[in-house]
Structure formats: structure tokens, C-alpha cells
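Every heavy atom of this structure was used, including side-chain atoms; hydrogens, water molecules and symmetry mates were not. Proteins get letters first, then strands, A, B, ... in listed order; numbering begins at 1 in each.
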2 protein chains.
Amino acid sequence: MPRATFFNLPEDKRALILRVAMEEFAAHPFPRASVNRIVKRAGIAKGSFYQYFENKKDLLLYVLQIIGEEKRAYLRPVLERAGQEDFFTLLRQLYIAGIRFAQERPLYVQIGRQLLASRNSPIYPEALARGMAIAHEIFERMIQEAIRRGEVREDLDVRLMAFLVASLNNLVVEYYTEHVASEYDERLLKVADQFIEFLRRGIGTDRQKHP
Amino acid sequence: MPRATFFNLPEDKRALILRVAMEEFAAHPFPRASVNRIVKRAGIAKGSFYQYFENKKDLLLYVLQIIGEEKRAYLRPVLERAGQEDFFTLLRQLYIAGIRFAQERPLYVQIGRQLLASRNSPIYPEALARGMAIAHEIFERMIQEAIRRGEVREDLDVRLMAFLVASLNNLVVEYYTEHVASEYDERLLKVADQFIEFLRRGIGTDRQKHP
DNA sequence: GTAAAATATGACCGACAGGTCATATGACCA
DNA sequence: TGGTCATATGACCTGTCGGTCATATTTTAC
């Protein structure tokens, strides 16, 4: 957590520092992200930086906390509809919301990529593993509920399905932003639908297969 | 390419240097992989290193070339059966061979991960992009052939299918080695079959769906 | 035995890293 | 006005990096 001094800063200065920091963590993996560059680009002295943050890790964890809160807030309306929609419809809405979130905040996508890249660095478990585990649990619960309702086949390994669903979620974003367009347009729905259709055929029960 | 001096080295010394280098590239992303550590662990002088290799990048590209050749040789027998087997059977054999290759050479898997992580580094296009494109082409050709034979639905986007098949290939390896076992055992076939079954239902024609 | 060619060596270079700290600045209060 | 306390500053510390180079040693050729 940043020190009190940071929160006493004028709003715009705080925002500038955060923006510069996010750009740095988006452009470089954690060990190569440079405090020197951040202070230079933010126009503050090196000493000031260490009045605001304990160290580089402190800053990264704070940035990730902000991103996490924003993403949860973004997906909350969708997740609150659980129970009212069938599994695949809910999943489709989650995928679409995920893509839009990614497109509206390309910096966050890059930061996530850089972090995923540092799977071997000691920073990884502290930074991302917990968040990933939470997402995984959510998908597992959704799948178990869907099996109970007869929307998903019960002869498959739930963990493997959760793994597949979570992975495809990332792949949708990757495919769309890298192979189709970097902006949000009507093709987004088509891509998401094709992925959902794969899933419906792959793990859905027979009555789900031809909607 | 390494300099001639490197190839004049006694076999065991050359092998030692390569092994140490692979361990280094497996443990750290390229920019943090340290020539200093490599020479120390290999017991050679820094100057000698630069008699053997132009620079750090030269060494990495050589390591990747070796890995690529080994993998091609490993998959060749399977790919030569193309035309004799149907699409999904061939794919299943490719997936299984891929898992076994990954398990027999865990170092290579780590090196690949570290590289994939450096997607933003200038080393990436030189090092991996070409190899990935080749794999992608192979899958696209296999899919087109399968469509011609009526084994795969023709109403889907071929590029998206190739993307999916390639991605699932990586996911199979990841899931099995991280969630099931680090050793080869009978569960390997089950995991591969679940992924293949998922694909068969998702992109196969109706006559493929219930084999 | 000797000259030439190939190979081995590690001190050294400049660049940059994260982090520290003595000191300067300026706002607030008595 | 003088004193106190939060904040700002950048020179400086130690460490590591990729890469160089003058020099020493070994191998080869005659």
C-alpha cells in the first residue's frame, strides 16, 4: 500500500503518477520496469517516489488492486444475473463484457500480459495467482450449477471444463484483438458467438446443442 | 550462429555450455538471462564466451534452432501419416506426441514460456514468430484437407479454427503437465481424448460427432 | 626448436538498476 | 517572528549487466 503522503497529493498529480506507472508496467515485465523512467516521465524526484511508495513492488500491487476493483465493478452487473440466465447465455455475456473491458483499457491488457509472462518471477504468486484462482472458482461454481440444471454434460471432468472455459475466455480476447480488430465493432458478437458455440457443442447436453 | 571456435570444442564441453545456457533461458526471460551466470556455471571465461558466440542473442537463436529441429524430428513420423488417418485421429496423435515431447524435455517448455512472455521484446519476432506461423500454416492445411474430406464443417472460419486447434494444442500440454502429472502415465490418453472430443463436437461434421 | 595461428583469460568499461539520505523548501501555528 | 513538521530533492551507494581487449597460453606446422 502506498504511504499516506501519496494520498495527500493533489488529485491530478496522483493520477499522473498512476498513469505513467501503468504505462511502464504495460511496456515492461516487472523486473525491467524502471523506477528511474517512471520518476523522469512523471516529473518527480526519485526521493519523492520513495516517500509515496515503499518500493517498486508496492506500486505494482497498488496498480493491480485498482485494476482488479475496476474489473470486478465492470463484471458485477453480469454476474448478478446468474440464476436468471442459462449457463451459455451468461457465459456469452461474460465474454463480451470481458472483450469490451479489454478494449476500453488496452493498458490493462498489456499489464496482464507482462505479469503472466513473469510466471517464474517471485512477484507472480503475490500479484496474480490469487486473482486467477478466484476466477477459476467462479467458473467451477457456474459449471456445477449448470450441470445441476442439465445444461452441461455431467460425464466430464469439472476442473478440466473450468480450465477450458477460462482459457477460451482469454483466447476470445486474444483472437479478436489480434486477428480481427482493435476497436469494438459488430464483428465482436460474431467471434464471441463462435467461441460460445464451440463450448455449447463441446460440453453442453444434447438439448443444448441446437438452440 | 555460433563461431567456428565453438564447433571445434570437445563434445562434452560444448554439451555442458549448451545445457547451462538452456537452464538459464528456461529460468529467466531473455533480457534477464545472464551471460555472467552462464560462464560462471559452465566454468569458462567471459572472453571465451565471446569467442564462441557473437552475443547473447546469437546463443539464444542457436538454442532455439536446436529445439526446433528436435521437435520437428519428434513429430515427423506422425505428420507423415497425414492422408492415411482422419483429421481427428491425426490431431490426437499430434497432441499426444506434443505432451510426451514436453514431458521428456521440461526445459524446452520453460524456454518456450519465457519467450512467449517476451512478446513485447524485440527478440520475439526474430525468435518465435516464424516458428509459430509455420505451425499455424500446418494446421490450416490440415483443416482445409479435412473439410474437403467432409470430416470438418465447412461453415466455419478456417483461420479461427486453426487458431483454436493450435491454442488447444498448447492448452492440452499446459493442463496435463500442470494439473495432472509431470510424468507420462495412462491418464495422458484420457486428457487428450477429452480435448479431441471437445474439438470433434465443436468443429466436426455430424457424421464425426458420435464415432 | 621455433614461428605462427588458434584459443583462453579476467580486469575493465560505460550504462543502468533499486534504493538511501543529508539537506532544502515551504506551509502552518504560536 | 521563530520553530516545527510534512514534503521535495538529486547526488550517491552498491550491484549487475552485456560486451571489449590486451595479454597469456596452448596447439599446430614446419
Query raised in the report: According to the side-chain hydrogen bond (donor to acceptor under 3.5 Å, both in side chains) rule, which pairs have a member within residues 60-70 of chain B, sequence neighbours left out?
Result: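 Matches after skipping sequence neighbours: B:Gln65-B:Glu69, B:Glu70-B:Arg105, B:Glu70-B:Tyr108.
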Query raised in the report: side-chain hydrogen bond (donor to acceptor under 3.5 Å, both in side chains): which pairs involve residues 156-168 of chain A, sequence neighbours left out?
Result: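 Not a single pair qualifies under side-chain hydrogen bond (donor to acceptor under 3.5 Å, both in side chains).
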Requested in this report: Starting at atom CZ of B:Phe53, determine the distance to atom P of D:dG18, rounded to an integer number of angstrom.
Outcome: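 So the CZ-P distance, B:Phe53 to D:dG18, works out to 14 Å.
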Requested in this report: Determine which pairs satisfy ring-ring contact (aromatic ring centres under 6.0 Å, His included) with at least one residue from residues 156-181 of chain B, sequence neighbours left out, and list them in order.
Outcome: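 The answer is A:Phe163-B:Tyr175, A:Phe163-B:His179, A:Tyr175-B:Phe163, A:His179-B:Phe163, B:Tyr175-B:His179.
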Query - Contact state string [nucleotides 6-24 of chain C, B base, S sugar-phosphate only, - no protein heavy atom under 4.0 Å] - result: -SBBB------SBBBB---
**Report entry** Under 4.0 Å protein heavy-atom contacts per nucleotide of nucleotides 23-30 of chain D, with B for base, S for backbone only and - for none
**Finding:** --------
Query - salt bridge (Lys or Arg N to Asp or Glu O under 4.0 Å) contacts in which one or both residues fall within residues 134-144 of chain B, not counting sequence neighbours - result: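 Qualifying pairs, neighbours excluded: none.
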Query raised in the report: salt bridge (Lys or Arg N to Asp or Glu O under 4.0 Å): which pairs involve residues 35-50 of chain A, sequence neighbours left out?
Result: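 Every salt bridge (Lys or Arg N to Asp or Glu O under 4.0 Å) pair that includes a residue of residues 35-50 of chain A, provided the two are not neighbours, is A:Glu23-A:Arg41, A:Glu24-A:Arg37.
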**Report entry** For A:Glu54, all residues meeting salt bridge (Lys or Arg N to Asp or Glu O under 4.0 Å), sequence neighbours excluded
**Finding:**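 A:Glu54: no salt bridge (Lys or Arg N to Asp or Glu O under 4.0 Å) contacts found.
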If you look only at distance, which donor and acceptor atoms sit under 3.5 Å apart when one is on a side chain in residues 72-85 of chain B and the other is two or more places apart or in another chain?
from: B:Tyr74; atom 1: OH; to: B:Glu104; atom 2: OE1; distance (Å): 3.3
from: B:Tyr74; atom 1: OH; to: B:Glu104; atom 2: OE2; distance (Å): 3.1
from: B:Arg81; atom 1: NH2; to: B:Gln93; atom 2: OE1; distance (Å): 3.4

Query raised in the report: What's the spacing between B:Leu61 CG and B:Met1 CE if we round to 0.5 Å?
Result: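 If we round to the nearest 0.5 Å, B:Leu61:CG and B:Met1:CE are 9.5 Å apart.
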